[in-house]
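To keep things clear, I will list the structure first and then write my remarks on it.
Below, chain A is the first sequence line, B the second, and so on; all start at residue 1.
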Protein chains: 2
Amino acid sequence: MAAPTPHDASAEVGDARSSAVKSAARTLQLLEALAERGGVPARLAELADELGAPRSSVHALLRTLAASGWVRTDPTGTLYAIGLRSLLVGTSILDSDPYLRAARPVLAALRDRLGETVHLARLDGDRVVYLTTQESGREPRRIARVGRWLPAHSTSLGKALLAERGDLPTGPLAALTPRTLTTPEALAADLVRTRERGYAVDDEENTPGLRCIGVALRYAHPVLDAISCSVPVDRMTPERETEVASALLAARTQIEDTAPVQGVF
Amino acid sequence: MAAPTPHDASAEVGDARSSAVKSAARTLQLLEALAERGGVPARLAELADELGAPRSSVHALLRTLAASGWVRTDPTGTLYAIGLRSLLVGTSILDSDPYLRAARPVLAALRDRLGETVHLARLDGDRVVYLTTQESGREPRRIARVGRWLPAHSTSLGKALLAERGDLPTGPLAALTPRTLTTPEALAADLVRTRERGYAVDDEENTPGLRCIGVALRYAHPVLDAISCSVPVDRMTPERETEVASALLAARTQIEDTAPVQGVF
DNA sequence: GAACGGCGTTCAGATATGTGAACACTACGA
DNA sequence: TCGTAGTGTTCACATATCTGAACGCCGTTC
């Protein structure tokens, strides 16, 4: 699992009612099942059980996936592991997404200006997925968050997006720390304050010791992306919060001005 | 494209002869086609043309992909873009692969010891895909290579692997710089020297100004993973080369000792 | 050492998908 | 205003996949 959180928000792939192409849905389920195992090989029977599909069906699919390079097999052909194609396809977004490309230099400058780690994340259902991180050199250890996700309601990024969009997560609000907002009422109230303030605040709601400020990027309608800055609690005074927030808002404007016009949704 | 090279080594997904599940193969082609466009939305007709499949077939597939979260659609449902699920699935390898997990701390220590950037990459056909990079703070700009790839024959990583495996790339040997080895004879001779030396050397063969040393990790049979250290040419003296190589060989032993026994293939 | 259980693989029929043409809709230009 | 060209969508039939059972294989157990 790439997820640092206990709750897996991924929907069932196969539960689409009527007009779903069965083998396509199963192909994706297979990739997800293999991904969760990492490099650990899987046997046909395990995967068939996991998908709830006959062995023979899964067998044909796995041969197809293997032939296309998305799945690797051992020399005997009875063990399967996810191939590198999925990594290449997955990370290709990071190289080619035009918004990300526009945002990256601005984020680097922002990191240098504030001396703190900054992120850009995109909403995916009830969670935010980190697309790029510019780290300050000051952190004790490097936490590369690209490709990871957190529940939207527990992050400044997610709350900035929810405030701008005006909706609430559909699922339950998992508690990652004692300070996570776990009721719709508390979250809604926080979103009101967020709109008033003009930026979102996460006060150790997903990671103890870390306070974050986030703002949404408004080039998409409804908004999808947001940027944030994480600051250790002992460096985050009220004056510092204002300083960070105004730097983020300036960066927001800069990104929105340089971002492509058409596009993301 | 995530690729920094001119030659696309990816095989055709759909070309499997007989026992391929057509809709599964097309699903993967669709993901690859969407990935190449990054966040830029695609229309149904474009994708159908690209796959060489009827619009109606692609339509059904896209609805399935969209229902499962692998593909996003705009509010009207006529524009498609790759979703974040592929990023999550792709990067999950980076978190859960047991070999990578074993190697990472060793690589971090190696980076600290040498003060230079070190990589771990895995062979995928004729190319090497970077799985992790530990950067020295000395580089002018951060080049996050995770998920990118280079032709095996142009890197110390790839040459270390080829030397250990005893095979040559099947495709043509693309020239990335004037120093890239582009004939099978030159490459084979280099691999002989590599075996004698005990480590592989890349002398500005993929990136001008960069000299790299690589060694293969022998926990898999045949070998799949390798580690390397990149050093700017002006810091790379003969003594330094010996120093870097012996540090890499020590790290190799350390990783091989801590790596899981069963596994990757 | 023989029976057992589990596994991967294969096959022919049942079932779901792929196909191409037809339809409805939009945007654009005449 | 109308026609045109392009698009996304739907439908019924031809085609391909899915299924469950059967087979052969291996390692284990009794």
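No hydrogens or angles considered: a donor-acceptor pair under 3.5 Å links the side chains of B/Ser23 and A/Ser23.
Every residue meeting the ring pair (Phe, Tyr, Trp, His ring centres under 6.0 Å) condition with A/Tyr130, not counting sequence neighbours, appears here in chain and number order: A/His119.
Atom P of nucleotide C/dG8 and atom CG of A/Asp74 are separated by 11 Å, given to the nearest angstrom. Atom CG in A/Leu47 sits about 13 Å away from atom C1' in C/dC7, given to the nearest Å. To the nearest angstrom, C1' of C/dC7 lies 12 Å from CG of A/Leu79. The CG atom of A/Leu51 sits 18 Å away from the P atom of D/dT17 (whole-angstrom rounding). Rounded to whole Å, atom C1' of D/dA16 lies 14 Å from atom CZ of A/Arg26.
Partner of A/Gln134 under the side chain to side chain contact (heavy atoms under 4.5 Å, CB included) criterion, out of A/Val106, A/Val118, A/Ile227: A/Val118 alone.
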Please list, one pair per line, the donor and acceptor atoms closer than 3.5 Å that link side chains of residues 157-167 of chain B to other protein atoms, with sequence neighbours excluded.
unit_1   : atom_1 : unit_2   : atom_2 : d
B/Lys159 : NZ     : B/Asp190 : OD1    : 3.2
B/Lys159 : NZ     : B/Val201 : O      : 2.8
B/Lys159 : NZ     : B/Glu205 : OE1    : 2.7
B/Lys159 : NZ     : B/Glu205 : OE2    : 3.3
B/Arg165 : NH1    : B/Val223 : O      : 2.6

Where protein sits on nucleotides 5-12 of chain D, one letter per nucleotide: B base, S sugar-phosphate only, - none, heavy atoms under 4.0 Å: --SSBB--
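For B/Lys22, a side-chain nitrogen or oxygen approaches OP1 or OP2 of C/dT19 to under 4.0 Å. Contact between the side-chain N/O atoms of B/Ser57 and the OP1/OP2 oxygens of C/dT17 is not found at any separation under 4.0 Å.
The backbone N or O of B/Leu249 sits less than 3.5 Å from a side-chain atom of B/Thr253, completing a donor-acceptor pair. In this structure, the side chain of B/Asp124 does not engage the main chain of A/Leu84 through any donor-acceptor pair within 3.5 Å.
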